[in-house]
Amino acid sequence: MGVVILLVMAAGVAAMLTRKLPTAFALVLLGVVIAFVAGAPLTGENSVLDTVLQEGAPALAATMIAILLGSWLGRLLDETGIAGTLVRKIVEFGGDRPVVVALGVLAVSTLVGTVTGSAPAAMLAGIIGIPAMIAVGIPKVTAAGTILMGIAAGMPFELPIWQFFSTALELPVPTVRGFMLKLFPFALAAAVLFVLVETRRRGVEHAWSLRSASAKPASRREQLGDAPWYALLTPVVPLVLALGLEVAILPSMLAGVLFALVTTTRPRDMNKRLLRTLYGSFEVAAAPIVLFVAIGILLAAVKLPGAVESLEPLVKAVSPQNPVLFVLVFTLLVPLCLYRGPLNVYGLGAGIAGVLIAAGIYPAVAVLGLATSYNQVFGVADPTSTQTVWSAQYAGTTPQQVMLRTLPYVWAVALGGLCVTAATYL
């Protein structure tokens, strides 16, 4: 039976890779089929309808709300000009020094990456940052990679991600936060190294020789005036509350929304801006929310007693228990999280993580280390991820070129995270 479930999973991966089915639809279908194969009844306890669909769909509800709040805060950073002001000030400070400009844009990308992820984060930092970097001679692939590496450096502090791993892996938020703090130095070091190495290795390219976004007319974001200096602290507010004062994730993010509103908006305009940005955030958050509904269904399916019993001997047989082998094997498997592969945590990887925990193969906190290490790779180098596609296209290059340039750096981040996991939790 376990072999059949693995074959079903392989078929699901093939459907996602070949784009026969959207990822969310494929995950829901996988969850239902796995439940039937595992012998789950149609209704009742541990059933397809009542357990997998009814209980699984809202299982990650807290994560969905966190995603919505992050998108709302991102909309406010955009509409109020906070993100654009941060980038402009950095570019003005850097002048015509390419490395200084790139490091400054990297810092802003990191800060934005703590608030929201995916394409909205790339757009907030890249709308102004990418043309500015290209204008001072930074190659377009390096410019796109700088935005992505910065977002990934901020990812360990992205509160919706804390909520996702806390809920999906059934771990307390402080445990997730503790590992993220250990992962952050690797992500930051790789991002800074990327800028320092790639800007020097590739040399300076004249802006006039590039067909890039810098030639485009100024967008609404670029035409906004500067936000007040104290409003620029908005991205830090949720972090200070959640990390420093240990306030719960959702209230911390709501505080960031209110801070952005109060510091940039006249009282008579607050209601309109609140509603406008909130409604706009639903458009941004819709795709990830649907994905998290599907992931919840898949997690509920792989945790069914029949599925765990069938998969446990197979998974245990191929899962290294020795810490050195753990690091070696899972480092070599890093490419499997690309192209929506089987180790992508926002796809079938979530189901595999659920099996590893439910079957007792690894402690939940070790699976956390594995999943978050892979997530650093996916967030930067996957040519199918929305932030990679947007950054590459806006810079005038291809996602595949960005992948080839950034993959060595984020692979090293994953190696660092796996070493910490093996040394600490195995």
Side-chain angles (χ1 to χ4, degrees), residues 1-10 12-14 17 30 34 38 156 164-165 168-171 175-176 178-183 185-187 190 295 298-299 301-305 307-382 407-426:
M1 198 65 69
V3 174
V4 177
I5 293 177
L6 291 179
L7 290 175
V8 170
M9 288 181 169
V13 171
L17 288 176
L30 271 176
I34 288 172
F164 168 62
F165 285 114
L169 304 182
E170 299 180 0
L171 287 168
T175 300
V176 176
F179 184 81
M180 290 300 197
L181 290 175
K182 297 173 184 176
L183 188 61
F186 295 103
I295 289 174
L298 179 62
L299 284 173
V302 298
K303 291 179 181 179
L304 291 172
V308 172
E309 184 179 347
S310 300
L311 290 171
E312 181 178 359
L314 294 175
V315 175
K316 185 172 289 185
V318 298
S319 300
Q321 299 299 313
N322 180 278
V324 175
L325 284 178
F326 176 90
V327 172
L328 179 62
V329 169
F330 284 113
T331 299
L332 292 175
L333 294 179
V334 159
L336 293 182
C337 70
L338 301 175
Y339 288 99
R340 303 289 174 177
L343 294 182
N344 177 0
V345 71
Y346 296 117
L348 187 57
I352 293 175
V355 171
L356 292 174
I357 295 173
I361 308 298
Y362 298 123
V365 70
V367 177
L368 168 70
L370 177 63
T372 53
S373 298
Y374 281 174
N375 192 42
Q376 292 294 132
V377 179
F378 165 76
V380 175
D382 190 340
L407 185 56
Y409 298 91
V410 289
W411 206 326
V413 176
L415 172 60
L418 291 172
C419 288
V420 171
T421 300
T424 310
Y425 306 121
L426 295 182

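Here, residue 1 is the first one in the sequence, and each next residue gets the next number.
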Okay, side chain of Thr372, backbone of Gly369: is any donor-acceptor separation there less than 3.5 Å? yes
Evaluate the criterion side-chain contact (heavy atoms from CB on, under 4.5 Å) for residue pair Val345 and Cys337; output intermediate values, then yes/no. CA-CA 8 Å; Val345 71; Cys337 70; over 6 Å; no
Rounded to the nearest 0.5 Å, how far does CG of Leu415 lie from OG1 of Thr331? 4.5 Å
With a 4.5 Å limit on heavy-atom distance, are the side chains of Ile357 and Leu169 in contact? yes
Quick one: pull up CG in Leu328 and CG in Leu418 and give me the separation to the nearest 0.5 Å. 10.5 Å
Check the orientation of Phe330 and Tyr362. Use parallel for under 30°, tilted for 30 to 60°, and perpendicular for over 60°. perpendicular
Rounded to the nearest 0.5 Å, how far apart are CG of Leu368 and CE of Met180? 6.5 Å
Side-chain heavy atoms of Ile361 within contact of Gln321, under 4.5 Å: yes
Quick one: are Val420 and Phe186 in side-chain contact, heavy atoms under 4.5 Å? yes
List the steps, then state whether side-chain contact (heavy atoms from CB on, under 4.5 Å) holds for Ile295 with Phe164. CA-CA 10 Å; Ile295 289 174; Phe164 168 62; 4.3 Å; yes
Before giving the answer on ring-ring contact (aromatic ring centres under 6.0 Å, His included), spell out for Phe165 and Phe179 the whole-Å C-alpha distance, their side-chain angles and the decisive distance to 0.1 Å. CA-CA 11 Å; Phe165 285 114; Phe179 184 81; 9.3 Å; no
Considering the options Leu338, Val410, Leu336, Leu333, which one meets the side chain to side chain contact (heavy atoms under 4.5 Å, CB included) requirement together with Tyr374? Leu333
Between Leu370 and Leu356, does a side-chain contact (heavy atoms from CB on, under 4.5 Å) hold up when you go through it step by step? CA-CA 11 Å; Leu370 177 63; Leu356 292 174; 4.1 Å; yes
Please examine the side chains of Asp382 and Val377, heavy atoms only from C-beta on, and report whether any two atoms are closer than 4.5 Å. no
Please determine whether side-chain contact (heavy atoms from CB on, under 4.5 Å) holds for the pair Leu298 and Ile34, giving the CA-CA distance in whole Å, both sets of side-chain angles, and the decisive distance to 0.1 Å. CA-CA 8 Å; Leu298 179 62; Ile34 288 172; 4.1 Å; yes
Residue pair Phe378 / Leu343, side-chain heavy-atom distance below 4.5 Å: no
